[in-house]
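Below you'll find the structure, written out as structure tokens, and then a few comments.
All ligand and atom numbering here is 1-based and tracks the order in the structure. Hydrogens, waters and symmetry mates play no part in the numbers below; they use all other heavy atoms, side chains included.
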Amino acid sequence: MSTVDSQQRVLSGMRPTGRLHLGHLHGVLKNWVKLQHEYECFFFVADWHALTTHYGDPALFEENVLDMVIDWLAVGVNPGSAALFVQSKIPEHAELHLLLSNLIPLGWLERVPSYKDQQEILHAKDLDTYGFLGYPLLQAADILIYRAGYVPVGADQVAHVELTREVARRFNHIYGKEPGFEETARAAVRKMGKKAARLYSNLRTAYQERGDHEALKKGQALLRAQQNISIGDRERLFGYLEGGGKMNLAEPQALLTPASKMPGLDGQKMSKSYNNTISLREPLGDVEKKIKTMPTDPARVRLSDPGDPEKCPVWQLHQTYSDQATRDWVVEGCKSAGIGCLECKKPVIEAIVAELEPIQKEAAQYEKDPDIVRSIIAEGCETARESAKETIQDVRDAMGLGHW
Ligand code: TRP
Ligand code: SF4
């Protein structure tokens, strides 16, 4: 069971661990820009998450948080459609993390695949910490605190969304029926107004007494259309309609972000740790230099040596940036040694420069006026906090902590 609020809500976060690059643009960011037109979106800077691996580096946060949001804005993430905020400004994430930590078995966290993997990859850092073990639960709290229905993530994060579903299920199993549920639900029915309340009650009876599934659907549609009830009350009414208790925490679904096809300068995945990136703010002269010095098919030592695009990282860039005619020209010219590699790189350089130029112009505007960005973040925090407060109150109530 889920509510339409959840079904319309998307949440995602990004760690502020470095400059955003073309890999982010073609993977995560373009996806966010698309989603913001289709859903109510919450996008946040996951600074507490970055802390789990970079706690020794305060300068990182000072430098990267604002710059990251500037990059989001510059590529077209629209603060009018999405709330943009900073995790550490919303203490409810931490409170929910703490509350949930009491009911989550250690084994659930030890079994998360990224735990052992990352410890091995990042063995230079000390990741034998409480925070690092618990970070998937913090991520679950990030998601559950907004009752988000969809979470756009890369393949490496799907297990975390799965954990989040299990956490929600466990919570709902333990606390699903809040005390006095019947009365609060009936009060919520009255808040809908006479006409809607009567219709709701009739549909509820039709479903519960006669198993009329059409009535259930109509009842859910009716709730969706209600403007004047809170998210909490809506959740209650969804539960009451079906005969369950109040559904406290919504189970989210991962929206798998298609893997970016953007290769790095060496043909591996573009990633800061491989040192093969073109950042969104890369000076355009450097873009040209970097592409010009990119390795190509090693068989092409001389201009007269034919090559094979399949063995060349530049060809992968053509697949993102070039139209069919240009790609045909590349394949033909490469295999017949009819074009040189520098010549072949030219359309790619032009396309990337054309892509980055307007982004950098936008970013420069925001860099000149960081107060605008700060106020966008403040506004996003306010929107997020309002929603987070409502959930945390319901969670406190469910756990018996709501009286004070
Ligand atoms: N853990 C994610 C990452 O490393 C970032 C993140 C934190 C996140 N909280 C989230 C993503 C909640 C989606 C939803 O990339
Ligand atoms: Fe790569 Fe183009 Fe050179 Fe062929 S011609 S090796 S595709 S850069």
Is atom CG of Asn228 surrounded by more than 12 heavy atoms (other residues, nucleotides or ligands) closer than 6.0 Å? yes
Starting from atom 5 (C) of ligand 1, what is the nearest protein heavy atom, named by residue and atom, and what distance separates them? Gly13 O, 3.6 Å
Hey, is CD on Glu386 packed in by over 12 heavy atoms from elsewhere, all under 6.0 Å? no
Do NZ/NE/NH1/NH2 and the carboxylate oxygens of Arg300 and Asp297 come within less than 4.0 Å? no
Atom indices of ligand 2 within 4.0 angstrom of Asp297 heavy atoms, with elements: 6 (S)
Is the CD atom of Gln319 crowded by more than 12 outside heavy atoms at less than 6.0 Å? yes
for atom 12 (C) of ligand 1, nearest protein heavy atom and its distance come out as Gln139 CG, 3.7 Å
Near Cys334, which atoms of ligand 2 are under 4.0 Å from a heavy atom of that residue? 4 (Fe), 5 (S), 6 (S), 7 (S)
Please identify which atoms of ligand 2 are closer than 4.0 Å to at least one heavy atom of Val314. 8 (S)
Of the protein's non-hydrogen atoms, which lies at the shortest distance from atom 1 (Fe) of ligand 2, and what is that distance? Cys312 SG, 2.3 Å
How are the rings of Phe43 and Trp32 set relative to one another: parallel (under 30°), tilted (30 to 60°) or perpendicular (over 60°)? parallel
Any side-chain donor paired with an acceptor under 3.5 Å for Ser271 and Ser273? yes
Between Ser12 and ligand 1, is there a nitrogen or oxygen pair with a distance under 3.5 Å? no
One residue to check: Gln87. Relative to ligand 1, which of side chain, backbone, both or neither has a non-hydrogen atom less than 4.0 Å away? neither
With Glu92, the side chain to side chain donor-acceptor pair (under 3.5 Å) member among Gln393, Arg385, Lys389: Arg385
Of Thr17, Asp142, Ile143, the one whose closest heavy atom lies nearest atom 9 (N) of ligand 1 is Asp142
Is there a side-chain contact between Leu237 and Met192, using heavy atoms and a 4.5 Å cut-off? yes
Which ligand 1 atoms does Val153 reach within 4.0 Å, using its non-hydrogen atoms? 13 (C)
Can you tell me which residue and heavy atom of the protein come closest to atom 2 (C) of ligand 1, and the distance to 0.1 Å? Gln157 OE1, 3.1 Å
Counting from 1 in the order shown, the ligand 1 atoms closer than 4.0 Å to a non-hydrogen atom of His49 are 7 (C), 9 (N)
Side chain, backbone, both or neither: which part of Arg15 comes within less than 4.0 Å of ligand 1 when only heavy atoms are counted? side chain
Indicate yes or no: does Glu390 engage Arg147 in a salt bridge with an N to O separation below 4.0 Å. no
Please state whether the separation between atom 3 (Fe) of ligand 2 and some N/O/S atom of Cys341 is under 2.8 Å? yes
Any atom of ligand 2 sitting under 4.0 Å from a heavy atom of Arg300? yes
Using a heavy-atom cut-off of under 4.0 Å, does the side chain or the backbone of Thr296 touch ligand 2, or both, or neither? side chain
Pair Asp142, His49: side-chain N/O donor-acceptor within cut-off below 3.5 Å: yes
List the closest protein heavy-atom neighbour of atom 14 (C) of ligand 1: residue, atom name, distance to the nearest 0.1 Å. Val151 CG1, 3.5 Å
How about Cys344: does one of its N, O or S atoms come closer than 2.8 Å to atom 2 (Fe) of ligand 2? yes
Decide whether Glu214 and Tyr207 meet the rule of one side-chain donor and one side-chain acceptor closer than 3.5 Å. no
Side-chain contact, heavy-atom cut-off 4.5 Å: Trp72 with Val45? yes
Logged contact type for Leu138 with ligand 1, heavy-atom cut-off 4.0 Å, is neither
